[in-house]
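Here it is, the structure in full.
Quick note on labels: first sequence line is chain A, next is B, and so on, each numbered from 1.
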Amino acid sequence: MPPNLWRSSLLPMLHPVLESRLRAALTAVLPDADLSSVQVRPTGDPKLGDYQANAVMSLAKEKRMNPRQLAAEVVAKLDLTDLCEGVEVAGPGFLNFRIRSSAYEAVLQAALRGEHLFVDRATAPRTVVVDFSSPNVAKPMHVGHIRSTVLGDALSRTLRVLGHRVETDNHIGDWGTQFGMLLIGWKTLLDREALERDAIAELERLYKSVNAACDADPAARERAKAELVKLQAGDAENLSIWKEMIRLSQVQFDTIYGRLGVKFDHTLGESFYNPWLGPVVQDLANLGVARDSDGAKAVFSDGSIPPKEDPFKIQRDGEWLDAPLLVQKSDGGFNYATTDLATLEYRLKTWAPSEILYVTDGRQQGHFRQVFAAFKLWQPEAAARVRLVHVWFGSILGEDGKPFKTRSGDTVKLADLLDEAEERALAVVREKRPDLPAAEQAEIARVVGLGAIKYQDLLPNRQSDYVFSWDKMLALQGNTAPYLQYQYTRAAKLVRDGGFDPASGAAIRIEAPEERALARQLVNFGIVLAAVAEECRPNYLCNYLYDLAGHSSRFYEACPVLKSEEPLRSSRLALCHLTAAVLKQGLGCLGIGVSEKM
RNA sequence: GCGCCCGUAGCUCAGUUGGAUAGAGCAUCCGCCUUCUAAGCGGACGGUCAUUGGUUCGAAUCCAAUCGGGCGCACCA
């Protein structure tokens, strides 16, 4: 890339320019080197510079060269005078880049003109199917659904901001053995008034009471089973009751998703795939992928990989035994593996995605390993064209370290959880901002309460269990949603009070160290979003935003904005504007809203 | 028994191809509001990264073993 080209282009980030120039220099020194691992990343410690590259050390090791000498040769070939104040070779062979203020200013200026927000939108968008939330019909949504819902939503939003096509699909549990009991309950125990009042509670009551009856009396279990068989055979009455139960449940789902601000492009429940289950098993059997096993049909290993890595093998008493995936029960019924395979085939045919993300809890790892492997045996060519990712997460625990339950031991309903978050937030808003009208307080409490729940869920590494804590979540200090939302309102208010117009063509000047630190953080927004999408870890974004909030706070502390003289005033207002924009967009990627006042 | 995950400050947790002196919040202590939102900022205190060995210029990160914890192991999803 010729020098200075980046200035006139719409480049939203600096590190790709450094990377491509570094690659060019490396090619000049080592024409045949593999440069795929060459990366330029922000330095961990700003004292060392703004960006660093470590690749020279590993390349030197590969080529059995002296790393410091190689680094020196590469630096000699690097022309970065337009971007960097200097490039240093440090320690055993680190390359440290110190960015010129003018380079930061140019990127910020382009952002101010609205050309980008430090994010590189995909030039070749991928289609990604995101499967998440998946609540069950006739049951209340509970805490167990929040991680999947919040994570899946955040990943979908982030992928879209990066320019990818996303198909969100809610694979609801609308089919299964529980409907036998629900049908019996509906026909014999239904309380119409209770159904009017709270449909889900009534359905839950029916299920619990029939379930108890079945446990006590095998004859009751048989009657439930008979209702299920009738439903599956297409009995008109049972079908219409079943559809009504789905409709009532969907009303509940829609209410909750509405509150959470979560939308699905598709809601294709398990029942949608019923017509394909038989053919899928037939196809698997015809191809020899599935075979009879104790009266059932199951997918076995083809022995092509070592047993240790084979999801269809298990070791017992030193011997490797088959651990097949069951696709048809001995009574002829199908199970969730069958549905998952049919679903997978449907998604590939319908949307041709390059990637499918399954956002479920970690206990299903074994299942998905088997389903993905079974699909590969079934349709190798299709499997080769798609990346199937199980995006798994840990459990939510109570303060006692055990799975999160109410005091009486019941699961915590999602609706109650959201209510309590808003109530607690409202109490804080009333205390902090008694000057605001009640309606405005309520709206702030809504945004803050929901944000707090989502943020607490997204902040920990998704694979670890986390402890649910009202106090920590709604705390006003520390790495929490309310803190980030507060920093947004501060920046936004400065922009308003300053009467700043981003289109005014204000010139940005980066001089104070706090301005520089803030600029550096802003410019690195896109790197973080890319990492979130790549590893399906929104917590990277949480930590980035927390750091950004810290930098902006220190900037206000050290650099007066409204009280400064022009042109400094406009330059700093521009920084506030961009900070607010990135905070809003970043929180937006997490599905968290902001309020103009707090 | 086999497999997956985890063990980091008193507590709750981060830690991006292995990278520079391991970070944050809470708690404790000390500063800073007649000055753009103090829901804030700065500072102090606090760690044998479970243990032991290995790989290498370099290990919380990779490998092996041990100890401790969670979860999963075909006709539920």
>> If you take the centroid of each ring, where Trp contributes its six-membered ring, are A:Y358 and A:F372 closer together than 6.0 Å?
In response: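 Yes, the ring of A:F372 comes within the 6.0 Å limit of the ring of A:Y358, centre to centre.
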>> If you apply the rule side-chain hydrogen bond (donor to acceptor under 3.5 Å, both in side chains), what do you find for A:N96 with A:Y51, and how did you get there?
In response: CA-CA 6 Å; A:N96 292 332; A:Y51 292 91; over 6 Å; no
> Would you call A:E19 and A:R41 a salt bridge, using N to O less than 4.0 angstrom?
Replying inline: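 Looking at A:R41 together with A:E19, the answer is yes, because their closest N to O distance falls below 4.0 Å.
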> Under 4.0 Å between a side-chain N or O of A:R490 and OP1 or OP2 of B:rA38?
Replying inline: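 Affirmative; the distance criterion is met.
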> Touch check for A:C559, heavy atoms < 4.0 angstrom, all strands: base, sugar-phosphate only, or nothing?
Replying inline: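 Base contact - A:C559 has a heavy atom under 4.0 Å of at least one base atom.
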> Side-chain contact, heavy-atom cut-off 4.5 Å: A:H171 with A:L268?
Replying inline: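 Sidechains of A:L268 and A:H171: no contact.
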>> Determine whether A:F300 and A:F312 satisfy the following criterion, ring-ring contact (aromatic ring centres under 6.0 Å, His included), listing intermediate values before the conclusion.
In response: CA-CA 6 Å; A:F300 285 81; A:F312 304 114; 8.4 Å; no
>> Can you pull out the residues from residues 453-462 of chain A that lie within a 4.0 Å heavy-atom distance of RNA chain B?
In response: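 A:P460, A:N461 - these, ordered by number, are the residues of the stretch whose heavy atoms sit under 4.0 Å from the strand.
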> Checking all strands, does A:S553 fall into the base, sugar-phosphate, or nothing category for heavy-atom contacts under 4.0 angstrom?
Replying inline: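 A:S553: backbone/sugar contact only, no base atoms under 4.0 Å.
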> Which whole number of Å gives the distance between the C1' atom of B:rG72 and that of B:rA64?
Replying inline: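 Per the computed distance, 24 Å lies between those C1' atoms.
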For residues 542-551 of chain A, which side-chain N or O atoms pair as donor and acceptor with protein atoms under 3.5 Å away, sequence neighbours left out?
unit_1 : atom_1 : unit_2 : atom_2 : d
A:N543 : OD1    : A:N479 : ND2    : 3.3
A:N543 : ND2    : A:N539 : O      : 3.2
A:Y544 : OH     : A:Q521 : O      : 2.6

>> Using side-chain heavy atoms (C-beta onward) and a distance below 4.5 Å, is A:D131 in contact with A:V359?
In response: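 No, every pair of side-chain atoms sits at 4.5 Å or beyond.
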> Is there any salt bridge (Lys or Arg N to Asp or Glu O under 4.0 Å) pair reaching into residues 86-96 of chain A, and which pairs are they, with sequence neighbours excluded?
Replying inline: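 Those involving residues 86-96 of chain A do not exist here.
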> Roughly how far apart, to the nearest Å, are B:rG7 and B:rU12 at atom P?
Replying inline: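 Rounded to whole Å, the distance is 13 Å.
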>> The criterion is salt bridge (charged side-chain N to carboxylate O under 4.0 Å, His left out); which residues satisfy it with A:K139, sequence neighbours excluded?
In response: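 So A:K139 forms no salt bridge (charged side-chain N to carboxylate O under 4.0 Å, His left out) with any residue.
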>> Strictly below 4.0 Å, N to O, side chains only: are A:R520 and A:D50 in salt-bridge contact?
In response: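 Counted as a salt bridge, because a side-chain N and a carboxylate O are separated by less than 4.0 Å.
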>> Expressed as a whole number of angstroms, how long is the span from A:Y556:OH to B:rA39:P?
In response: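 Computing the A:Y556:OH to B:rA39:P distance gives 15 Å.
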>> What contact category does A:K308 fall into here, base, sugar-phosphate, or nothing, at under 4.0 angstrom with non-hydrogen atoms?
In response: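 The residue A:K308 makes sugar-phosphate contact but no base contact.
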>> Roughly how many Å apart are B:rU55 and B:rU8, using the C1' atom of each and rounding to a whole number?
In response: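 To the nearest whole Å, 23 Å.
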> CE of A:M13 to CD1 of A:I527: how many Å apart, nearest 0.5 Å?
Replying inline: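 Result: 6.5 Å between the selected atoms.
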Tabulated below should be each protein N or O lying under 3.5 Å from an N or O of nucleotides 18-24 of chain B; please produce it.
unit_1 : atom_1 : unit_2 : atom_2 : d
B:rA20 : N7     : A:Q52  : OE1    : 3.4
B:rA20 : N6     : A:Q52  : OE1    : 2.7
B:rA20 : N6     : A:N96  : OD1    : 2.6
B:rA20 : N1     : A:N96  : ND2    : 3.1

> Taking NE2 from A:H15 and C1' from B:rU17, how many angstroms apart are they, rounded to a whole number?
Replying inline: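 So the two atoms are 14 Å apart, to the nearest Å.
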>> Side-chain N or O of A:R554 versus OP1/OP2 of B:rG42: is the shortest distance under 4.0 Å?
In response: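 Yes, such a contact exists.
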>> With rounding to the closest Å, how many angstrom separate the C1' atoms on B:rC6 and B:rA50?
In response: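 Their C1' atoms lie roughly 11 Å apart.
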> Just by modelled atom types, is the A:V299 backbone N or O under 3.5 Å from a matching donor or acceptor in the A:Q370 side chain?
Replying inline: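 Checked: no pair found.
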> Under the salt bridge (Lys or Arg N to Asp or Glu O under 4.0 Å) rule, what pairs show up with a residue in residues 486-495 of chain A, not counting sequence neighbours?
Replying inline: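 Non-adjacent pairs meeting salt bridge (Lys or Arg N to Asp or Glu O under 4.0 Å): A:K493-A:D497.
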>> Please enumerate all residues that pass salt bridge (charged side-chain N to carboxylate O under 4.0 Å, His left out) together with A:D322, with sequence neighbours excluded.
In response: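 With neighbours one apart ignored, the set is A:K313.
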>> Rounding to an integer number of Å, can you tell me how far A:W320 CH2 sits from B:rG1 P?
In response: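 Value for this atom pair: 15 Å.
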>> For A:W242 and A:F179, take the angle between the two ring planes, folded into 0 to 90°, and tell me which bin it lands in: parallel under 30, tilted 30 to 60, perpendicular over 60.
In response: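 Ring orientation, 0 to 90° scale: perpendicular.
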> Expressed in whole Å, how much space separates the P atoms belonging to B:rC73 and B:rG58?
Replying inline: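 These two P atoms come out 44 Å apart once rounded.
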> Rounded to whole angstrom units, what separation is found between the CG atom of A:L321 and the P atom of B:rG1?
Replying inline: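 Rounded to the whole Å, the gap is 16 Å.
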> Residues in salt bridge (charged side-chain N to carboxylate O under 4.0 Å, His left out) with A:R430, at least two apart?
Replying inline: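 Here no residue qualifies.
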> Could you state the CD-C1' distance from A:Q69 to B:rC57, rounded to the nearest angstrom?
Replying inline: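 Checked: the CD to C1' distance equals 15 Å.
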>> Could you tell me how far apart A:H551 (NE2) and B:rG40 (P) are, to the nearest whole angstrom?
In response: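 A:H551 atom NE2 is separated from B:rG40 atom P by 17 Å.
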> For RNA chain B, which consecutive runs of 3 or more Watson-Crick or G-U pairs (each distance under 3.5 Å) count as stems?
Replying inline: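 Result, WC/G-U stems under 3.5 Å: B:1-7 with B:67-73, B:10-13 with B:23-26, B:28-32 with B:40-44, B:50-54 with B:62-66.
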> Are any of A:K432's side-chain N or O atoms less than 4.0 Å away from OP1 or OP2 of B:rA39?
Replying inline: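 For B:rA39, OP1/OP2 do have a side-chain N/O of A:K432 under 4.0 Å.
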> How many Å lie between CZ on A:R424 and P on B:rA39, as a whole number?
Replying inline: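 Value for this atom pair: 21 Å.
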> Taking syn as any angle within 90 degrees of 0 and anti as the rest, which one fits B:rC13?
Replying inline: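 In terms of base orientation relative to the sugar, B:rC13 is anti.
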> Using a cut-off of 4.0 Å between protein heavy atoms and nucleotide atoms, how would you tag nucleotides 72-77 of chain B 5' to 3' with B, S and -?
Replying inline: SBBBSB
> If the sugar-phosphate is the primed atoms plus P, OP1 and OP2 and the base is the rest, what is the B/S/- string for nucleotides 5-12 of chain B, using protein heavy atoms under 4.0 Å?
Replying inline: S------S
> Whole Å only: how far is the CG atom of A:L484 from the P atom of B:rG40?
Replying inline: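 Between P of B:rG40 and CG of A:L484: 11 Å.
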> Can you list the steps and then say if A:H15 with A:N524 is a side-chain hydrogen bond (donor to acceptor under 3.5 Å, both in side chains)?
Replying inline: CA-CA 9 Å; A:H15 74 284; A:N524 289 333; 5.3 Å; no
>> Suppose you measure atom P in B:rA22 against the same atom in B:rA59; what distance do you get, rounded to whole Å?
In response: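 Here B:rA22 and B:rA59 have their P atoms 12 Å from each other.
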> What distance, rounded to whole Å, do you find between the two C1' atoms, one in B:rA14 and one in B:rA60?
Replying inline: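 The same atom, C1', in both gives a distance of 12 Å.
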> Expressed as a whole number of Å, how far does the P atom of B:rU61 sit from that of B:rA44?
Replying inline: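 One P to the other, the span is 28 Å.
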> Could you give all pairs that pass the salt bridge (Lys or Arg N to Asp or Glu O under 4.0 Å) test and reach residues 548-559 of chain A, with sequence neighbours left out?
Replying inline: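 Not a single pair qualifies under salt bridge (Lys or Arg N to Asp or Glu O under 4.0 Å).
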>> For A:E596 and A:S37, find the nucleotide of RNA chain B closest to each by heavy atoms; which residue's nucleotide sits nearer the 5' end?
In response: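 Per heavy-atom nearest nucleotide, the more 5' residue is A:S37.
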